[in-house]
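Take a look at the structure set out below.
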Amino acid sequence: MDKKNIIDILNRIGELLEIKGESPFKSRAYYNAVRILENLNEDIETLIKEDRLKDLKGIGDALNKKITEYYTTGSLKYYEDLKAEFPESLLELLNVPGVGPKKVGVLYKQLGIKTIGELEYACIENRLVELPGFGEKTQKKILEGIGQYKKYQGKYLYSEAYGQAGIILEHLKTLKGIRKIEIAGSLRRRKEVIGDIDILVASDEPEIVMDAFTDGDYVRDVIAIGETKSSIYTNYGIQVDLRVIKPDEFPYALQYFTGSKEHNVSLRHRAKEMGLKMNEYGLFKEDDTNILVADESELYEVLGLEFIPPELREDMGEIEAAANHSLPELITDEDIKGIFHVHTVYSDGSCTIEEMAHKAKELGYSYLGITDHSQSAYYAGGLKLDDILRQWEEIDNINKTISDIRILKGIESDILPDGSLDYPDELLKEFDFIIGSVHSNFGLSEEDMTERIIRALNNPYLTILGHPTGRLLLSREGYRIDMRRIMEEAAKNKKVIEINANPYRLDMDWRLLKTGKEMGIKFVIGPDAHNLQGFYDVKYGVGIARKGWLEAADVINCMGLDDIIREFRKGE
DNA sequence: GCCGTTTTCGGCCCGACTGTTTTCAGTCG
């Protein structure tokens, strides 16, 4: 029983209550509790054991009892009773964009629809149009939503897959008989979305490895157990393939299974031109003798190439660059000197400025740019003029007392539909820097949305364009924009573009970074942190920057404090 | 279901958008 189980059940209760039609404030209380637990800096088990849960603002008597019951007995009667009223599969319907709890309630009560499949069928049969509150367009939208949902099925965020892989590696590392163990596949290439996890092990004793792998706590189902390959589903539903390889073959297999497919096709083509044949077992001369290599880097060397970091293996020019020694020296986690884009209790963050500052300092950063939401972002508690003045005063005071880190005054200003920023110029110019982001009116035409952002990029006070497409991976497409034109405008006006490191966003997309860099654009890696944990997302942003060929010099938060201040003053 | 308090019931963030309606409900952020 861990925090995630508790959070899951509270969420499900909230959703079931909504479907049932209970007071919205009741379900909100459950969602509120979820948020509180997610942002908890203390161990939840300790809180339960010491009976301190109810001290948390937002958790009262009822929730305290329910959480404690679930934690101590492993089940919760209230939830079981609620579940008995509705099939649990109803909750899956909520994943379809455009379908909320009210619609689920109607679909279930009037048409007996319980699953996505049934819903899809009912749409095709034209049976939704007659329902109260539904119509032609709703039915069409739901059908499209189902299509989108299906597209994302079986896909996972990099951060989720990374976490799961870590657990498995930890479990296997202690085994004797393992000579080498590595992650391969898209996870090693640090793709933003992952289909499955590939793990390679070099060992002379495959049986021991396979037994241990398929026997871990993380296993939900075993799909197959073989001598060279076994597959499982983890508790989170991610498929994991583990391959055991003879130690001599490890470098070839690692290269082969890291991919990408396109990279390997190009690489094999190159090998063939050199009279060589390559596959997962080796690199063979025409007489079929294997060219022995100790690691991947020697393998690339034989092919006349510099070592190509896995992140770059997407067949986007990396092989040519490796051949003529022009691969970039990719940015690393250690290059990041300071942080921009964090939220605090002033808007929708859960920690104070001081807490965030101390964490940033502890992590070795030398500056921290605070960016709460601006006044138009009602839903996130955006800052009014008074709040801003109060925040500035607080920042000034903290800067006086804290050493080795400097807090910078920023704001994440909404870019309003007309492209203007959310405060008058007299106020805007007083900030150290400004991130401009789109948070509303996502439905503008491509033309209008592009114009909107271009106008913002022409605002002298805007420093950084935040999460440029607004996408949420696996759940929401970005808004329609002409990214090429936006990049041109950013380059012309010397505006920085954010690589939002939140694992749900990873926006802007790495596929565009190399082009942007060639256009002379500078980037910033921003965690969009809403709590202390958020700082740890920076590494995901670094991964994306690496995939986009970026070096430390391309990313402004690799600059030291003095340089950054000079950089910001340049615009004034 | 939680909170606060002028101690026990009333308020709980707010607005845009869409599609369905004919004045509003549901969804989303």
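Letters go in sequence order (proteins before strands), and every chain restarts at 1. Computation of the quantities below employed the complete heavy-atom set of this structure, encompassing side-chain atoms and omitting hydrogens, waters and symmetry-equivalent molecules.
- Ring orientation note: the planes of H343(A) and H530(A) are close to parallel, at an angle under 30° on the 30°/60° scale.
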Using nucleotides 19-22 of chain B, report all nitrogen or oxygen pairs with the protein that are shorter than 3.5 Å.
{"unit_1": "dG19(B)", "atom_1": "O3'", "unit_2": "T138(A)", "atom_2": "OG1", "d": "3.2"}
{"unit_1": "dT20(B)", "atom_1": "OP1", "unit_2": "G135(A)", "atom_2": "N", "d": "2.9"}
{"unit_1": "dT20(B)", "atom_1": "OP1", "unit_2": "G135(A)", "atom_2": "O", "d": "3.2"}
{"unit_1": "dT20(B)", "atom_1": "OP1", "unit_2": "E136(A)", "atom_2": "N", "d": "3.2"}
{"unit_1": "dT20(B)", "atom_1": "OP1", "unit_2": "K137(A)", "atom_2": "N", "d": "3.4"}
{"unit_1": "dT20(B)", "atom_1": "OP1", "unit_2": "T138(A)", "atom_2": "N", "d": "3.3"}
{"unit_1": "dT20(B)", "atom_1": "OP1", "unit_2": "T138(A)", "atom_2": "OG1", "d": "3.1"}

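- A distance of 9.0 Å separates CG of L47(A) from CD1 of I59(A), quoted to the nearest 0.5 Å.
- Rounded to a whole angstrom, the distance from the P atom of dG26(B) to that of dT21(B) is 12 Å.
- Using a 4.0 Å heavy-atom distance criterion, L17(A) is classed as making no nucleic acid contact.
- Nucleotides dG19(B) and dT23(B), compared at atom C1', are 13 Å apart to the nearest Å.
- As a whole-Å value, the separation of K54(A) NZ from dC3(B) C1' is 16 Å.
- Counting non-hydrogen atoms under 4.0 angstrom, G100(A) reaches the backbone sugars and phosphates but no base.
- In the set dT27(B), dG1(B), dA16(B), the nucleotide with an atom closest to the side chain of K102(A) is dT27(B).
- Comparing dG1(B), dG29(B), dC12(B) by their nearest atom to the side chain of F442(A) picks out dG29(B).
- Nucleotide dT8(B) forms a pair with no other nucleotide shown, judged by Watson-Crick or G-U wobble geometry with both contacts under 3.5 Å.
- Contact annotation: K66(A) reaches the phosphate of dG1(B) (side-chain N/O to OP1 or OP2, under 4.0 Å).
- No salt bridge links R480(A) with E446(A); every basic N to acidic carboxylate O contact stays at or beyond 4.0 Å.
- The separation of dC9(B) from dC14(B), taken at their P atoms, amounts to 25 Å, rounded to a whole angstrom.
- Of the residues near DNA chain B, G381(A) and P417(A), the one whose nearest nucleotide (by heavy atom distance) lies more toward the 5' end is G381(A).
- Aromatic ring orientation, F433(A) versus F568(A): parallel (interplanar angle below 30°, classes split at 30° and 60°).
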Provide a list of protein-nucleic acid N or O atom pairs under 3.5 angstrom, restricted to nucleotides 4-6 of chain B.
none

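- Here the P atom of nucleotide dC14(B) and the NE2 atom of H373(A) are 17 Å apart, to the nearest Å.
- The minimum heavy-atom distance linking R484(A) with M519(A) is given by the pair O-CE, 4.3 Å.
- When the C1' atom is compared between dC2(B) and dC13(B), the two are found 16 Å apart, to the nearest whole Å.
- Comparing the P positions of dG10(B) and dC17(B) gives an interatomic distance of 35 Å, to the nearest angstrom.
- Between Y78(A) and dG1(B) there is a side-chain polar atom (N or O) within less than 4.0 angstrom of OP1 or OP2.
- Spacing between dG15(B) and dT22(B) at atom P, rounded to whole Å, works out to 26 Å.
- Using a 4.0 Å cutoff on non-hydrogen atoms, no part of residues 527-538 of chain A comes near DNA chain B.
- In this structure, the CG atom of L63(A) is 4 Å from the P atom of dC2(B), given to the nearest Å.
- Checked options L63(A), I9(A), L16(A), N11(A); the residue passing with Y30(A) is L63(A) (criterion: side chain to side chain contact (heavy atoms under 4.5 Å, CB included)).
- Residue contacts shown for I36(A) are absent, as no nucleic acid heavy atom lies under 4.0 Å away.
- For dT5(B) and dC12(B), the C1' atoms lie 15 Å apart once the distance is rounded to whole Å.
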